[in-house]
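Remarks on the structure that follows.
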Amino acid sequence: MKKALSLILTLLLTLFLGACTENITSEQNSSTPIGTSEEITVTANPPAQTASPSEPDSSVQTASPSEPAPSQEETLPTEDEEGGKILIAYFSATGTTKKIAEQLAEVTGADLFEIVPEEPYSSEDLNYNDDDCRANQEQSDETSRPAIVGRIENMDSYEVVLIGHPIWWGKEPRIIDTFMESYDFSGKTMVNFCTSGGSGVSTSTSNLKAFAPNANWLDGHRFNANASLNDIQAWFDSLNIELP
């Protein structure tokens, strides 16, 4: 009887100890994060970042399709193809003629075209006290034709063309001659204006007429650098040009 009781107690004790051991093992396994080592690896070695096909790399700047990169070969916009418009084409090395041209455009509502040299003039180029400076060399050479950037493709749409320029050695700069030889002004109303401290415009007007003998030329005019908007308005009104 005692042996049987002892065996039963031993069996119960064995079962009890086995159950405790299984619970401890299960708790240990459940406290360990699953996949922890993989997460650390991914964090320590992130995949290389690439630009999304729909979101280009912002560090690479490209021109928008609706805003193409500007070109030096600009042409004036054409409002219509019936003619009757006024164009002011001018060359200004120091900004004086530019100011007059812009004020004249304000008065008339004309289109502006700046005659820009392909090779800009430096201060040394305009040092008239130096016989060898670029401006003096060009003015002394009747065949000199400095290149111009850009071209007016719709010149036929203008009926009136005003030419603005400074006076170099008593006449228009040679780059104006380049401009005059670049177009056919037949049938157009033409007039030139200049900026000068003292030299007149008559020699330049005669020279320009020779480039466009079939145009209707009006008397040219000389402006001082400080000409007012009223002065410019009064001169243009005296031409009796009918605005389109």
Worksheet entry | Asn136 side chain to Tyr128 backbone, donor-acceptor under 3.5 Å | yes
Discussion item. Tell me if a side-chain donor or acceptor on Glu114 pairs with a main-chain N or O of Ala89 at a distance below 3.5 Å.
Written reply: no
Fill in: CZ on Phe179 to CD1 on Ile148, rounded to 0.5 Å
7.0 Å
Discussion item. Pairing donors with acceptors under 3.5 angstrom, does anything connect the side chains of Asn207 and Ser204?
Written reply: no
Fill in: Whether Asp130 side chain and Asp132 backbone form a donor-acceptor pair below 3.5 Å
yes
Item to complete: Grab the two heavy atoms, one from Phe185 and one from Ala212, that are nearest each other, plus how far apart they are.
Response: CB-CB, 3.9 Å
Practice prompt. Could you tell me how the ring of Trp168 sits relative to the ring of Tyr121: parallel (under 30°), tilted (30 to 60°) or perpendicular (over 60°)?
Written response: perpendicular
Worksheet item: Can you tell if the side chain of Ile86 reaches within under 4.5 Å of the side chain of Asp111, non-hydrogen atoms only?
Response: no
Worksheet item: Any chain of hydrophobic side-chain contacts (each under 4.5 Å) joining Val201 to Leu162?
Response: no
Fill in: Residue pair His165 / Pro173, side-chain heavy-atom distance below 4.5 Å
yes
Response to the item:
d(Phe211 CZ, Tyr183 OH) to nearest 0.5 Å is 14.5 Å
Discussion item. Check the orientation of His221 and Phe223. Use parallel for under 30°, tilted for 30 to 60°, and perpendicular for over 60°.
Written reply: perpendicular
Worksheet item: Is it true that Leu239 and Ile100 fall in one hydrophobic cluster, defined by side-chain heavy atoms closer than 4.5 Å?
Response: yes
Discussion item. Could you check whether any side-chain N or O of Arg134 sits under 3.5 Å from a backbone N or O of Glu124, counting only pairs where one atom can act as donor and the other as acceptor?
Written reply: no
Item to complete: Identify the two heavy atoms, one from Met190 and one from Met180, that lie closest to each other, and give their separation to 0.1 Å.
Response: CE-CE, 4.0 Å
Worksheet item: Does the cation-pi check pass for Arg222 over Phe193, that is, NZ or CZ under 6.0 Å from the six-membered ring centre and within 45° of its axis?
Response: no
Item to complete: Would you confirm whether Thr97, through its side chain, and Ser92, through its main-chain N or O, come within 3.5 Å as a donor-acceptor pair?
Response: no
Fill in: Spatial distance of atom CD1 (Ile167) from atom OG1 (Thr195) [nearest 0.5 Å]
7.5 Å
Discussion item. Main chain of Tyr158, side chain of Lys188: is a donor-acceptor contact present, judged purely on distance under 3.5 Å?
Written reply: yes
Discussion item. Is it the case that the side chain of Ser144 and the backbone of Ser140 share a donor-acceptor pair, with hydrogens and angles ignored and the cut-off at 3.5 Å?
Written reply: no
Worksheet item: Quick one: are Glu159 and Thr189 in side-chain contact, heavy atoms under 4.5 Å?
Response: no
Worksheet item: Is there a side-chain contact between Gln233 and Leu104 (heavy atoms, below 4.5 Å)?
Response: no
Worksheet item: Under 4.5 Å between side-chain heavy atoms, hopping through other hydrophobics if needed: is there a path connecting Ile163 to Trp169?
Response: no
Worksheet entry | Side-chain touch Ile175/Ile115, heavy atoms, less than 4.5 angstrom | yes
Worksheet item: Just checking, any donor-acceptor pair under 3.5 angstrom between side chains of Ser186 and Asp184?
Response: yes
Discussion item. With a 3.5 Å distance limit and no angle check, can you tell me whether Asp237 reaches the backbone of Ala234 through a side-chain donor-acceptor pair?
Written reply: no
Worksheet item: Hey, are the side chains of Lys209 and Thr205 touching, using non-hydrogen atoms and a 4.5 Å cut-off?
Response: yes
Discussion item. Distance alone, cut at 3.5 Å: any donor-acceptor contact between the side chains of Asp141 and Gln137?
Written reply: no
Worksheet item: Is there a path of hydrophobic side-chain contacts, each under 4.5 Å between heavy atoms of I, L, V, M, F, W or Y residues, that connects Ile152 with Leu208?
Response: yes
Worksheet entry | Short side-chain donor-acceptor distance under 3.5 Å, Asn192 and Trp217 | no
Discussion item. Taking the basic N atoms (NZ, or NE/NH1/NH2) and the acidic carboxylate oxygens, is any pair closer than 4.0 Å for Arg145 and Glu181?
Written reply: yes
